[in-house]
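First up is the structure itself, then whatever we jot down about it.
From a predicted model like this one, the values you see are computed outputs, not experimental measurements.
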Amino acid sequence: MGSDRNPTDGDWFYAPAPPDMRTYRELGNFTVDGETFAVRRSDGDGSTHYDWISGPNDGYGFSTFGSTEPLSHEQRLASIRDFLAGIDPATGYLSDP
């Protein structure tokens, strides 16, 4: 089902996501292979969020989870390179495996 705010189906209704109440620490911008990402780390769960600010799709990026220890600079660069390796150049989105 799409994101229609006024659906005709009586069993479905639009409910926006609640505001993100987590706090973040800005880690700065990282440029890898000519692409720039704004990187931030969640104070609560330790997740790291990468906003692809030079990419073709506004608001697109990725997140990493599962580590209670901050990632090293090299690990962040490797995560960005892995993400970029999966991008379909025609769409600017991750390609289907």
Side-chain angles (χ1 to χ4, degrees):
M1 176 158 294
S3 61
D4 184 1
R5 292 177 185 255
N6 300 304
T8 56
D9 180 354
D11 294 330
W12 184 91
F13 66 94
Y14 174 79
D20 186 353
M21 301 306 290
R22 294 176 288 185
T23 57
Y24 296 93
R25 185 167 43 116
E26 299 296 326
L27 301 178
N29 290 348
F30 289 74
T31 301
V32 178
D33 303 332
E35 299 295 339
T36 303
F37 292 79
V39 182
R40 67 190 190 283
R41 181 173 166 83
S42 170
D43 292 334
D45 63 7
S47 56
T48 303
H49 306 276
Y50 301 80
D51 298 318
W52 189 11
I53 58 177
S54 65
N57 301 304
D58 189 38
Y60 198 60
F62 69 101
S63 299
T64 58
F65 302 89
S67 175
T68 57
E69 295 298 317
L71 297 175
S72 69
H73 180 76
E74 292 75 20
Q75 289 171 313
R76 285 190 195 101
L77 295 179
S79 293
I80 291 170
R81 283 196 175 101
D82 285 347
F83 170 79
L84 291 173
I87 294 295
D88 179 342
T91 65
Y93 291 106
L94 287 172
S95 50
D96 290 328

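Between L27 and R76 there is a side-chain heavy-atom pair separated by less than 4.5 Å. Residues E35 and L84 form a side-chain contact, since some pair of their non-hydrogen atoms from C-beta on lies under 4.5 Å apart. Annotation: side chain of H49 is not in contact with side chain of V39 (no heavy-atom distance under 4.5 Å). Taking the side chain as every heavy atom from C-beta outward, S79 and F62 approach each other to under 4.5 Å. T48 is not listed as a side-chain neighbour of F65, based on a closest heavy-atom distance of 4.5 Å or more. Put simply, the side chain of S47 does not reach to within 4.5 Å of the side chain of S63, judged on heavy atoms.
Aromatic ring centres of F83 and W52 lie closer together than 6.0 Å. Ring centroids of F30 and H73 are separated by less than 6.0 Å, placing the two rings close together.
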Given the rule in the side chain to side chain contact (heavy atoms under 4.5 Å, CB included) test, do Y93 and I87 qualify, once you have shown the distances and angles that lead to the verdict?
CA-CA 5 Å; Y93 291 106; I87 294 295; 5.7 Å; no
Chi angles and distances behind the side chain to side chain donor-acceptor pair (under 3.5 Å) call for N29, T36
CA-CA 7 Å; N29 290 348; T36 303; over 6 Å; no
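Taking every heavy atom of both residues into account, G92 and P56 meet most closely at CA-CG, 3.7 Å. Across all non-hydrogen atoms, the minimal contact from A90 to D88 is N-OD1, 2.8 Å.
No donor-acceptor distance shorter than 3.5 angstrom exists from the side chain of T31 to the backbone of G34, with no hydrogens or angles considered. Using modelled atom types, one side-chain atom of R41 and one backbone atom of G46 make a donor-acceptor pair closer than 3.5 Å.
With Y60 as reference, L94 is the one residue of L94, D51, I53 to meet the side chain to side chain contact (heavy atoms under 4.5 Å, CB included) rule.
One distance of note links CG of L77 with CG of D82; it measures 11.0 Å at 0.5 Å rounding. Rounded to the nearest 0.5 angstrom, N57 CG and T91 OG1 are separated by 7.0 Å.
Residue D58 qualifies as open at atom CG: its count of foreign heavy atoms under 6.0 Å is 12 or below.
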